[in-house]
Every structure is written in structure tokens, then in C-alpha cells.
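Report on one structure; see the data block that follows.
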Amino acid sequence: MREKGYSFKFGKDITIRPEGRERGLKLKRNFGENYSLEAIRVRILEENELPAEKKFPVQRHYRIRVSGNFKQTRKIGGLQGLYLHYCYLLGILPKNRPSISAKQVHVLFREDLLKLNTISKETKLLCHYHIDTAEQLFSLKESLQKKTEQCVEERKHLRYKIRADRPEEEIEEMKEQIKVLTEKIGTLRKEAALCDGIAARSKVIEEKFKTVREEKEKKEEQSHEHIRRSR
């Protein structure tokens, strides 16, 4: 802005004055607290904290409908508990929680801020079908695949029937049934794919939790050792 002829004055407020004008413009007074010297400094520090290749876009928030009280999620174990806890650490849950920045998320979890939509869908699937174990997840996928095959066969049968000489109203009705089956097949296949994603991601999440827990224990040990030495 200096190259464009603007001059600056720093005091309790930042005053900016374009070339050729006698009076300047106070940023905070005219544009609010977000343009105070301290607020601008904080934003600059937050932007520069992460390397350019690791900066994240503005975090989006996704609504997840789950049954029960979120305060009781500590009692939920298995895959449901794992995912619900991870959603809490990523800032997705609870839904009325104030937004958090990437800076507030542990460095090991930050890469998943770019995958919130998929993680939300996986969490909804686990809660909808009450899946807690890998065995239940595998059983669910098998069930989804069988339903998909049944729907595909039913749709194929309807397509054969349409080729025959039938009344127009009956043909239109079968076309509508085919449309419904196609949508159902798409949903079933997406849910089966989510099962695969959960099987892979859950192991990674567990490893991340283990690493974070070990880091915390190590810091606590170092802190206790420092206290003992200082005595």
C-alpha cells in the first residue's frame, strides 16, 4: 500500500492516509475491533504459524445427527466411541460448539480437517447401524452387498419386462420402480464403500491416539523429573 501512496500512523489505532488527503482514516474506529492493531497482529501470526504447504482452508462444519446425549458418549466404546471422540477433537461435535481453528487441532489430526465430510458420513453410518466392532462392520458390508445384488437382479428383471408389449401405464410404473431401485443401489454401494473407509481409517485413528497418549505421558514424566531435580 505504501507503493500506492498510502502512509500509516500507529498509535492506539492505526491511521491510514492516501496521498493527497489531509485527514487519515482510523481503521478500528471505522471498521470495528477486527481491524485493531492487536487483532491484525494475531491474524498475521496465525497465518505464519504453519508452513505454506500445510496451511488449511477455512474449516467447514458439518451437521451430524446422532441419537442420545453427547454427554454420554464417553460410555460408548468400540468404533462408535472412537469416531465420536475423533469428531469432538476435530471440532465437528457437539453441533453447538464454538468453531475452532486448525491451530487448536493436534498436528497429527490436522490432515483430516480436509476430510471432514467423509468422516462425518462414516460417523453417521456407525451410529445409524450401531456398529461397535470390526466383526459387525464386516457383517454390515456383507449385508449391504447382498441387498445391492438383489436390487440389481430386480432391476434387470424389470428392464426385461419393459421390452415386452405392455400397456403404457404399466411400462411407466415399471420405469418408476427402476428409478427407485437405481437410487437405492447407489445408496447401498456408497454405504459399502464407507465400510471400507472405516475399516482403514479406524486403525489410523487408533495409532494417532496412541502416539498422542505416549507424547502426553512423556511430557508428564519430564515435568515430574524437572520438579524432582528442582527440589
Side-chain angles (χ1 to χ4, degrees), residues 42 45-145 186-223:
V42 168
L45 289 173
E46 288 180 347
E47 283 292 320
N48 291 334
E49 175 137 352
L50 294 172
E53 65 273 11
K54 291 190 177 181
K55 287 187 179 178
F56 298 93
V58 176
Q59 184 176 346
R60 296 180 180 178
H61 297 275
Y62 299 88
R63 181 175 296 178
I64 304 177
R65 295 184 181 275
V66 295
S67 59
N69 190 334
F70 185 75
K71 293 180 180 179
Q72 297 176 350
T73 55
R74 290 184 179 180
K75 300 178 182 178
I76 301 175
L79 292 173
Q80 280 191 81
L82 180 75
Y83 263 77
L84 288 171
H85 183 51
Y86 198 46
C87 285
Y88 174 79
L89 295 176
L90 293 176
I92 305 176
L93 290 174
K95 65 179 182 179
N96 294 325
R97 180 184 181 184
S99 61
I100 63 174
S101 65
K103 179 183 175 183
Q104 295 172 279
V105 178
H106 193 282
V107 65
L108 285 178
F109 308 149
R110 289 179 185 173
E111 62 179 347
D112 281 336
L113 292 175
L114 302 174
K115 307 170 186 175
L116 293 183
N117 189 32
T118 301
I119 293 173
S120 297
K121 290 178 181 178
E122 291 174 352
T123 306
K124 288 169 67 176
L125 183 81
L126 290 171
C127 294
H128 177 73
Y129 290 103
H130 305 289
I131 302 299
D132 292 322
T133 66
E135 290 77 15
Q136 291 174 335
L137 184 67
F138 180 75
S139 178
L140 172 62
K141 184 183 176 183
E142 278 194 330
S143 175
L144 292 169
Q145 288 176 331
T187 300
L188 290 169
R189 284 174 174 168
K190 287 178 182 178
E191 289 187 341
L194 287 174
C195 289
D196 290 334
I198 292 168
R201 195 189 309 279
S202 60
K203 294 177 182 179
V204 176
I205 294 174
E206 288 175 347
E207 286 298 319
K208 289 181 178 180
F209 281 177
K210 180 181 178 182
T211 301
V212 171
R213 185 166 57 251
E214 290 174 350
E215 286 180 358
K216 183 179 179 182
E217 291 174 354
K218 186 176 181 180
K219 287 181 180 179
E220 288 177 351
E221 289 177 2
Q222 291 175 345
S223 177

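Treat the numbers as computed from the prediction; the structure is a model and nothing was measured. Because only heavy atoms are used, hydrogens play no part in the values below, and waters and symmetry mates are left out as well, while side chains stay in.
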Check whether Lys208 reaches the backbone of Leu108 with its side chain - one donor and one acceptor, N or O, closer than 3.5 Å. yes
Check Leu82 against Ser202 and note the closest heavy-atom contact, atom names and distance. CD2-O, 3.7 Å
Option passing side chain to side chain contact (heavy atoms under 4.5 Å, CB included) with Lys141 (candidates Leu194, Asp196, Ile198): Asp196
Looking only at non-hydrogen atoms, find the nearest pair between Cys87 and Ile119 and report the distance. SG-CG2, 4.2 Å
Measure across Ala192 and Leu144 and return the closest heavy-atom pair with its distance rounded to 0.1 Å. N-CD1, 3.7 Å
Would you name the heavy atoms of Leu79 and Ala134 that are closest together and state the gap between them? CD1-N, 4.3 Å
Roughly how far, to the nearest 0.5 Å, is NZ of Lys210 from CD of Glu207? 5.5 Å
Expected output: side-chain Ser139 to main-chain Glu135 donor-acceptor under 3.5 Å: no
Going by heavy atoms in the side chains, are Phe138 and Thr133 under 4.5 Å from each other? no
Any donor and acceptor pair, going by atom type alone, linking the side chain of Glu214 with main-chain N or O of Thr211 inside 3.5 Å? no
Nearest heavy-atom pair of Gln136 and His130: which atoms, and what distance? OE1-O, 3.8 Å
Please report the shortest heavy-atom distance between Arg110 and Val105, naming the atom on each side. NE-O, 2.9 Å
Only one of Ile100, Leu116, Leu84, Thr123 forms a side chain to side chain contact (heavy atoms under 4.5 Å, CB included) with Ile92, so which one is it? Leu116
Taking atom CZ of Arg213 and atom CZ of Phe209, what is their separation to the nearest 0.5 Å? 9.0 Å
Could you grab the distance from atom NZ of Lys115 to atom CD of Glu122, nearest 0.5 Å is fine? 10.0 Å
Classify the ring geometry between Tyr88 and His85 as parallel (under 30°), tilted (30 to 60°) or perpendicular (over 60°). parallel
About how many Å separate OH of Tyr83 and NZ of Lys124, when rounded to the nearest 0.5 Å? 14.5 Å
Assess, by modelled atom type and distance only, whether the side chains of Glu191 and Tyr129 contain a donor and an acceptor separated by less than 3.5 Å. yes
Gap separating the NE2 atom of His106 from the CG atom of Asp112, nearest 0.5 angstrom: 13.0 Å
CG (Leu125) and OG (Ser120) are apart, to the nearest 0.5 Å, by 12.5 Å
